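No hydrogens, no waters, no symmetry mates; every other heavy atom, side chains included, goes into these values. For clarity, every value in this text was computed on a predicted model and none was experimentally measured.
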Amino acid sequence: MSKQKPSSFAPYFTTSDADQVRAAFLAAGRLEGYASISELIEAATLKEVKRLQRKHNHGRPWEGAGPGSLRPGQRTRAEQTTEHQGRP
């Protein structure tokens, strides 16, 4: 897991997904070596980032995007629908 925590953000989960994340941590988190639910979420996220790097960036890390580079908050349903249709 990351040693330094200079910035943070919080993912959004549906209630049922959040329930499953908590249940997975309670059932197997400590057995898998996770000291906290945050460590589990971080490991899962970084695994997906590595997959995206392999698929979309020739396996290389992207140039970092610092705090403030993303709009705060969750996207609206309309924005999510537009994004899934391949539009900006």
Considering all heavy atoms, the nearest Gly66-Ser69 contact:
O-OG, 2.7 Å
At what distance, to the nearest 0.5 angstrom, does CG of Leu46 lie from CD1 of Ile41?
12.0 Å
Taking all atoms of both residues into account, what is the closest heavy-atom pair of Val21 and Leu40, and its distance?
O-CD2, 4.2 Å
From Phe13 CZ over to Gln20 CD, what is the distance, rounded to the nearest 0.5 angstrom?
12.0 Å
Say whether, by atom type as modelled, one donor and one acceptor occur between the side chain of Glu39 and the main chain of Ala35 under 3.5 angstrom.
yes
Just how far is it from atom CD of Glu32 to atom CZ of Phe25, taken to the nearest 0.5 Å?
11.5 Å
Apart from Leu31 itself, which Ile, Leu, Val, Met, Phe, Trp or Tyr residues share its cluster (side-chain heavy atoms under 4.5 Å, direct or through members)?
none
Give every donor-acceptor pair under 3.5 Å between a side-chain atom in residues 50-61 and any protein atom, sequence neighbours left out.
residue	atom	partner	partner atom	Å
Arg51	NE	Glu48	OE1	2.9
Arg51	NE	Glu48	OE2	3.3
Arg51	NH2	Glu48	OE2	2.7
Asn57	ND2	Arg60	O	2.8
Asn57	ND2	Pro61	O	3.4

Applying salt bridge (Lys or Arg N to Asp or Glu O under 4.0 Å), which residue pairs with at least one partner in residues 10-19 are found, sequence neighbours left out?
Asp19-Arg22
